[in-house]
Amino acid sequence: MTNGFVAMAWAIAAKDLAIEWRTKTALVSSLVFAILVLAILYFARDATAVSSFEMAPGVLWVTFTFAGMLGLNRAFLLEMENRALDGMRLTKATPAAIFFGKMIGNLVFVGFVELVSLPLFILFYDVPIWTRLPILVAVMIMATLAFVSVGTLLSAMVVRTRFSEVMLPVLLLPFLVPPVVSAVQLTWRVLADRPLAEMTGWLSLLGAFDVVFFLLSLLLFEAIIVE
Amino acid sequence: MMPVDASVVATDVAWRVGYRWIIKDISLQVTAGEVALLVGGNGSGKTSLLRVLAGLNKASRGQVSRHGGVGFVAHHSMLYDALTGRENLMFVTRLGRGRDPARVDELLQQMGLTAAATQRLATYSRGMTQRLAIARALLDEPGVLLLDEPLSGLDENAAGIVADVIQRHRDAGHAIIIATHQLIELVDRATVVGFLVSGRLAAWEPIDGRDASGIMHRYRELAADD
Amino acid sequence: MTRRDKALRTARLGTFVTSAALVGVALVYVRALMFTPIERFQGPAQKIYYVHVPVAWSALLAFLVTGVLSVLYLFLKDRKLDLLSASSAEVGVALSVAMLTTGPIWGKPVWGTWWTWDARLTSTLFLFLLFIGYLVLRGALTDFDMRARYSAVLGVLALGLVPFIHMTVYWFRTLHPAPVVLKPDGPSLPGVMLVTLLLSVLTFTVLYVGFLMQRYAAAVLEDVREEEAAHGLP
């Protein structure tokens with residue numbers, strides 16, 4: 001009996017996370033990077049003219065985006081070191097299972113970085129949002145899903161090129177415009193304690209983006225990993 | 001439970017990169033109990049042929065059919081440096097027919113890696129990595145074994161282990177293809193030999209009791225004709 | 001007829017089409033400058049409209065062609081589709097440069113600012129950057145099958161991205177002149193200006209086709225040379 005789709009995807013994700021946990025290179029780098037960005041952007045303003053509160057939504061998403069990107073590159077570089085991706089292709093794991101596995105691994109990685117930097121963000125930028133946290137977390141999950149779907153596909157692509165570290169941001173950032181702008185708009189409304197009715201537009205845009213790009217990435221992944 | 005009808009058959013196979021044909025017009029058949037040696041110089045297309053036979057590279061022309069599942073030992077180990085020997089094998093198991101730790105331990109023991117099983121691959125020597133890569137290929141009990149330079153970097157002891165493994169799988173009815181420069185160690189175990197010259201199969205013939213120097217002589221003859 | 005001969009014929013035809021379009025551009029401009037009235041509110045600066053809008057149209061057309069050919073490539077795996085789609089992307093990038101330079105020249109006197117984060121401007125900027133990324137990616141891949149597959153994947157993704165980017169920046173805010181031609185209740189542009197604009201759009205579309213034919217012919221010739229070089233090897 002061959003293992004099922006979910007079991008295989010989970011095995012791949014668990015393997016990625018075990019390796020990451022053991023080496024911690026990307027994880028620690030991403031966290032330190034996130035904290036640095038949060039701190040530097042605090043000073044990147046005229047304190048008498050712009051309050052840190054007004055800047056906060058943008059800062060949060062710039063931080064998440066750039067810190068997350070550090071992790072994405074790592075996911076497929078790992079598969080290239082001893083051509084381990086070939087090894088996976090020789091098993092019974094389908095391209096879809098491989099995509100799912102890598103994506104779940106990335107999701108956990110980026111989610112972890114976000115969860116650690118979120119309290120720091122609340123602390124640094126003095127945004128008292130503890131009561132509205134659930135809706136902010138929901139926004140984070142939706143935006144991260146968008147980021148990681150396209151990111152997983154594109155990182156599988158760029159590891160085969162020269163200069164993959166430079167190539168990933170160039171290709172990925174245009175795709176992050178809709179999710180990141182939506183997330184910033186939503187975060188701004190959450191922080192200002194606006195009613196939910198003012199958020200539905202951006203929420204549905206974000207939701208639609210999630211669905212479309214998750215499916216596209218899943219379908220296109222096979223064309224990336226065959227040789 | 002050995003698949004008796006294990007075989008790999010290539011019909012008019014060709015593979016190219018860009019407009020360059022790396023291998024061309026390759027037809028061959030290796031069936032249960034046969035061990036084929038692939039002999040050829042650097043760049044003759046041995047590795048590409050094995051990758052096409054394994055299904056890692058899609059043939060640009062022609063067909064490959066495989067029966068009995070394929071185990072592949074490539075030039076790269078296809079393993080993760082940060083995982084231990086045992087974890088590497090367990091991972092592959094999970095992507096296959098379920099998880100059977102007994103099979104993993106049995107293979108680790110066969111390859112003489114039991115003591116090193118809980119060490120990370122990064123600490124392994126070249127020979128240990130190669131043996132683990134072979135164990136990896138054998139995990140799913142494949143009927144077809146494709147080995148790319150299986151003895152490279154191995155000392156006498158490790159080479160002996162690998163040669164025994166090949167012998168045992170041949171006797172058990174596997175179809176085996178080995179691309180190698182190390183004829184002396186392997187020629188006794190082989191039944192057929194194929195000569196690759198500039199991406200073409202210049203000859204495909206029985207070993208017929210020839211030794212390593214006999215095979216090399218024949219190779220030079222064929223290469224000179226090219 | 002060999003591939004080389006066909007490509008050379010396409011190149012010649014492309015040169016002819018391009019020349020004809022360039023003559024057309026000159027004629028449209030004579031009409032725009034001398035025989036079309038000056039717009040009441042924007043003054044003479046509005047004349048650049050007759051370049052900016054058509055050039056923007058042909059740039060977007062070029063990217064649309066790349067996207068559609070990318071989808072087709074993934075199904076048909078025909079090498080010609082890949083070369084054509086890459087050629088279209090390159091022409092699109094060139095036309096985008098024209099669009100992104102004429103825009104500010106028009107914007108300065110009319111809006112009083114060189115740049116504004118208006119919806120269409122921003123969308124086209126991102127689209128432009130995305131297709132530069134597309135060309136950079138192609139440059140970084142050496143095996144042509146892989147290059148074709150990967151750039152087709154990116155082309156398909158880009159096709160999916162356009163509506164999202166547009167909606168995002170549109171919701172963010174917009175002050176671009178609202179569409180004046182393609183409106184449900186009919187064009188709101190005075191007749192003479194409309195004719196001039198449509199003639200210009202037509203001319204620039206022909207110009208795009210001419211460029212595309214020439215670029216495609218060059219791509220095929222490059223490909224033929226690569227093929228010959230490969231066969232020359234032992």
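Labels below follow one simple rule: chain letters A, B, ... track the order of the sequence lines, proteins then strands, and each chain is numbered from 1.
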- Task: Kindly say whether Gly87(A) contributes a backbone atom to a donor-acceptor pair with the side chain of Arg136(B) at under 3.5 angstrom?
- Result: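 Side chain of Arg136(B) to backbone of Gly87(A): a pair is present.
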
Closest heavy-atom contact between [X] and [Y]?
| X | Y | value |
| --- | --- | --- |
| Arg83(A) | Met78(B) | O-CG, 3.5 Å |
| Leu90(A) | Ala54(B) | CD2-O, 3.8 Å |
| Met88(A) | Leu95(B) | CG-CD1, 3.9 Å |

Are there more than 12 heavy atoms of other residues, nucleotides or ligands under 6.0 Å from atom [atom1] of [X]?
| X | atom1 | result |
| --- | --- | --- |
| Phe124(A) | CZ | yes |
| Lys58(B) | NZ | no |
| Gln167(B) | CD | yes |
| Gln119(B) | CD | yes |
| Asn42(B) | CG | no |
| Trp204(B) | CH2 | yes |
| Glu81(A) | CD | yes |

- Arg94(B) vs Lys15(A) side-chain heavy atoms within contact, under 4.5 Å: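 The answer is no, as the side chains (C-beta and beyond) never meet within the 4.5 Å cut-off.
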
- Pairs of heavy atoms under 4.5 Å with chain B: top-ranked of Ile12(A), Asn82(A), Asp86(A), Thr23(A): Asn82(A)

Tell me, for [X] versus chain A, whether the close heavy atoms (under 4.5 Å) come from the side chain, the backbone, both or neither.
| X | answer |
| --- | --- |
| Leu121(B) | side chain |
| Ser60(B) | neither |
| Tyr80(B) | both |

- Item | Pairwise distance CD1(Ile19(A)) to CD(Glu87(B)) - rounded to 0.5 angstrom | 8.5 Å

- Could you tell me which of Val70(B), Val92(B), Asp140(B), Asp81(B) has the largest number of non-hydrogen atom pairs under 4.5 Å with chain A? Asp81(B)

